[in-house]
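A note on names: the letters A, B, ... follow the listed sequences, proteins ahead of strands, and every chain is numbered from 1.
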Number of protein chains: 2
Amino acid sequence: MSWRKEQRRAERGYHHGNLKEALLQAALGLIAEKGAAGFTFADAARMAGVSAAAPYRHFRDRDELLSSIAQRGFEQFEQRLTAAWDDGRPDTVTAFERVGKAYLAFAREEPAFYNAMFESGVPVDSNPALQAASERAFNIIRAAAERLAALAPPGTPRPPAMMMALHIWSMAHGVASLFSRGDAARRKLPMSPDELLEAEVLIYLRGLGFPTDRRAQAKGAEPPPVPPEASSGSGLPPGGPWGKPK
Amino acid sequence: MSWRKEQRRAERGYHHGNLKEALLQAALGLIAEKGAAGFTFADAARMAGVSAAAPYRHFRDRDELLSSIAQRGFEQFEQRLTAAWDDGRPDTVTAFERVGKAYLAFAREEPAFYNAMFESGVPVDSNPALQAASERAFNIIRAAAERLAALAPPGTPRPPAMMMALHIWSMAHGVASLFSRGDAARRKLPMSPDELLEAEVLIYLRGLGFPTDRRAQAKGAEPPPVPPEASSGSGLPPGGPWGKPK
DNA sequence: CAGCTCATGTAAACCTCGTTCACATGAGCT
DNA sequence: AGCTCATGTGAACGAGGTTTACATGAGCTG
C-alpha cells in the first residue's frame with residue numbers, strides 16, 4: 001500500500017507546490033459527500049497525498065479551512081446572485097424572482113459551499129473576510145429589494161427595503177434548508193422547492209401591493225395602470241401563483 | 001482526582017438507576033452549550049458519572065441518542081404549537097400568528113432541541129418514531145393552515161392549505177435559523193426576529209387576500225364585509241404590518 | 001556555483017473520542 | 001441462598017486533531 005505514497009511523492013517531489021489549493025478542493029469534495037460534520041482534516045490531507053500534519057502549514061486548524069471554504073462560497077454566491085439579478089432586467093419583479101431561483105440553484109448545485117456557509121456551525125464573525133464576503137452577498141439581495149421597494153404602488157406605504165431583503169432571505173434559506181437539500185429533500189412535497197419558493201415570493205410581493213404580473217411593468221419604470229388582461233385585479237395570473245389546483 | 005469518581009459511586013452504587021434519563025439530560029445541556037456537532041458521547045457519560053462504555057447499554061450509538069433527543073424535541077414542539085394554536089381562538093389569524101411566535105420562542109428557548117431537530121444532521125427518517133413525531137408537529141401547522149384556507153375571501157381562488165403550511169414553516173425556520181439563534185443572532189437587524197416573522201407572515205397572508213386586521217373576523221366565521229375602520233382597503237393597520245417607519 | 005535560510009513537508013507522539021469485548025456487580029426472582 | 005440478566009467497568013483498538021522536532025529543497029546571496 002505504501003508504494004502509492006511513494007509514487008505520489010515521486011510525482012510531485014517533497015514539496016507539493018500548491019497544497020493550499022489542493023486542500024480546499026479536496027475538502028470541497030469531501031464536504032459535498034459527507035457534509036461539513038463528516039469531513040475530516042486527515043482525509044483532506046490524504047486526498048492531497050500529504051501527511052496529516054502538512055495542512056497545518058496552511059490553516060491554523062480545521063475550522064480555518066472550513067471558514068475559508070465558507071468565504072469562497074459567499075464569493076461565488078455573490079457572483080451568482082449578481083448575475084441573476086442582472087441589474088433588474090428586463091423588469092424588477094422578473095429579475096427578483098430570478099434571484100430567488102438562483103439562491104435555490106446555488107444551494108442545490110453547490111451543496112458543499114452551502115453547507116459550509118450555513119450549516120457547518122462556522123460563526124460568520126469568526127473571520128473578518130468571511131463576514132465581509134457574507135455581507136457583500138446579502139447586499140445583492142438588499143439592493144434588489146431596494147429597487148423593488150422604490151416601485152411600491154402609489155398610495156401604499158413604502159416597505160422598508162431592508163426588511164424585504166431579510167424576508168426574502170429567510171424564505172429562500174427556509175425552503176433550501178428544509179426541502180431542497182440532503183436528508184431534508186426526502187420530505188414528500190406537493191410541489192418542487194423551486195415552485196414552492198416562487199409562489200411564496202409572489203404571494204409575499206402581492207401582499208406588499210406589487211403587481212406581480214410581469215407585463216405590468218418594465219425596466220424599473222413606475223408601473224402603468226393595470227391593463228385589462230391582468231386578471232382578478234391583483235395582477236396575478238388566474239389560479240394564483242401556485243398554478244392550477246390539479 | 002479519583003476520589004470524586006469513588007464518591008459518586010458511593011452515592012449511587014454500582015448501578016446508576018436512571019442512566020438513560022440522565023444521559024438524555026446531560027446531552028441536552030451539552031448540546032445547548034456547544035451544539036450537536038460539539039457534543040460528545042464521552043462527555044455525557046462523564047457528566048452522568050459513569051464510564052464511557054455505559055451509554056451503549058441504552059443507545060446503540062451516539063446517533064441514536066441524538067435521534068432520541070430530536071424525537072423528544074418534536075414532541076415538545078408539538079405541544080407548544082398545539083397550545084399556541086388553541087384551536088384557532090379567539091380568531092384564526094391571531095391564533096395563526098401566535099403559532100409563528102411559538103415557533104420562534106421554541107427555537108430560542110430550547111436551542112438544544114431545535115439544534116437536534118433541524119441542525120444536527122440526523123435524518124428524519126432514521127427512526128420511525130422520530131419521523132412520526134416530526135409529522136405530528138408539522139400537522140399542527142398544517143391544520144392551522146387548513147382552517148385559514150377555508151376562510152379565503154369569496155372570489156379569490158382558495159390556496160392549497162398544504163402549500164400555505166409549507167410556506168409558513170419555511171418562513172419560521174428561515175428566520176429562526178438565520179436570525180434567532182446562536183451565532184446567527186449576532187447579525188445586526190433593524191427589528192427583532194419576532195417582529196420580522198410577524199410582518200412576513202402578515203404580508204404573506206395579505207398576499208393571499210386575507211383580511212389581516214383581527215377585528216375583521218371572529219371565531220372562524222366567514223369574514224364580514226370590511227368595516228370602515230379598516231384602513232386602506234387591505235384590512236391592515238395604517239403603516240403596514242411593519243409598524244411606523246421610524 | 002556554494003552556501004544559507006526559510007517555507008513547506010514528515011514522522012512520531014499525545015490526547016480525545018467512538019466503539020467493542022470480556023468481565024464484574026447486584027436487583028429481583030425462585 | 002442461589003440464579004440470572006440487565007447494567008456498569010476497564011482495557012483495548014482505530015481514527016482524528018494537534019504539536020513538536022526534524023528533513024528537504026527552492027530561491028536568494030555572494
Measure [atom1]/[X] against [atom2]/[N] and give the value in whole Å, please.
| X | N | atom1 | atom2 | value |
| --- | --- | --- | --- | --- |
| A:L66 | D:dT18 | CG | P | 11 Å |
| A:E64 | D:dT18 | CD | P | 11 Å |
| B:L19 | C:dT25 | CG | P | 19 Å |
| B:N18 | D:dA6 | CG | P | 18 Å |
| A:M47 | D:dG16 | CE | C1' | 15 Å |

field: Watson-Crick or G-U wobble partner of C:dC4, both distances under 3.5 Å
entry: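 Partner of C:dC4: D:dG27.
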message: Under 3.5 Å for both donor-acceptor distances, Watson-Crick or wobble: does C:dA11 have a partner, and if so which one?
response: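 Looking at the geometry, C:dA11 pairs with D:dT20.
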field: Below 4.0 Å: OP1/OP2 of C:dA7 and any side-chain N or O of A:H58
entry: no
- prompt: Taking B:D194 as the fixed residue, which of B:K101, B:R98, B:R108 is the one that meets the salt bridge (charged side-chain N to carboxylate O under 4.0 Å, His left out) rule?
  reply: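 Testing B:D194 for a salt bridge (charged side-chain N to carboxylate O under 4.0 Å, His left out) against B:K101, B:R98, B:R108 leaves exactly one candidate, B:R108.
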query: With sugar-phosphate meaning primed atoms plus P, OP1 and OP2, does A:G17 contact a base, only sugar-phosphate, or nothing at under 4.0 Å between heavy atoms?
result: sugar-phosphate
task: Just say parallel, tilted or perpendicular for the rings of B:F118 and B:Y103, cut-offs at 30° and 60°.
output: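 The arrangement is parallel - the two ring planes meet at less than 30°.
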- request: For the pair A:F41 and A:F59, name the ring-plane relationship: parallel under 30°, tilted 30 to 60°, perpendicular over 60°.
  value: perpendicular
Where the side chain of [X] meets the backbone of [Y], is there a donor-acceptor pair that is under 3.5 Å apart?
| X | Y | answer |
| --- | --- | --- |
| B:E64 | B:R60 | yes |
| A:D86 | A:G88 | no |
| B:R62 | B:F39 | yes |

- line: Going 5' to 3' through nucleotides 13-23 of chain C and flagging B where a protein heavy-atom sits under 4.0 Å of the base, S where only the sugar-phosphate is that close, and - otherwise, we get ----SSBBBBB
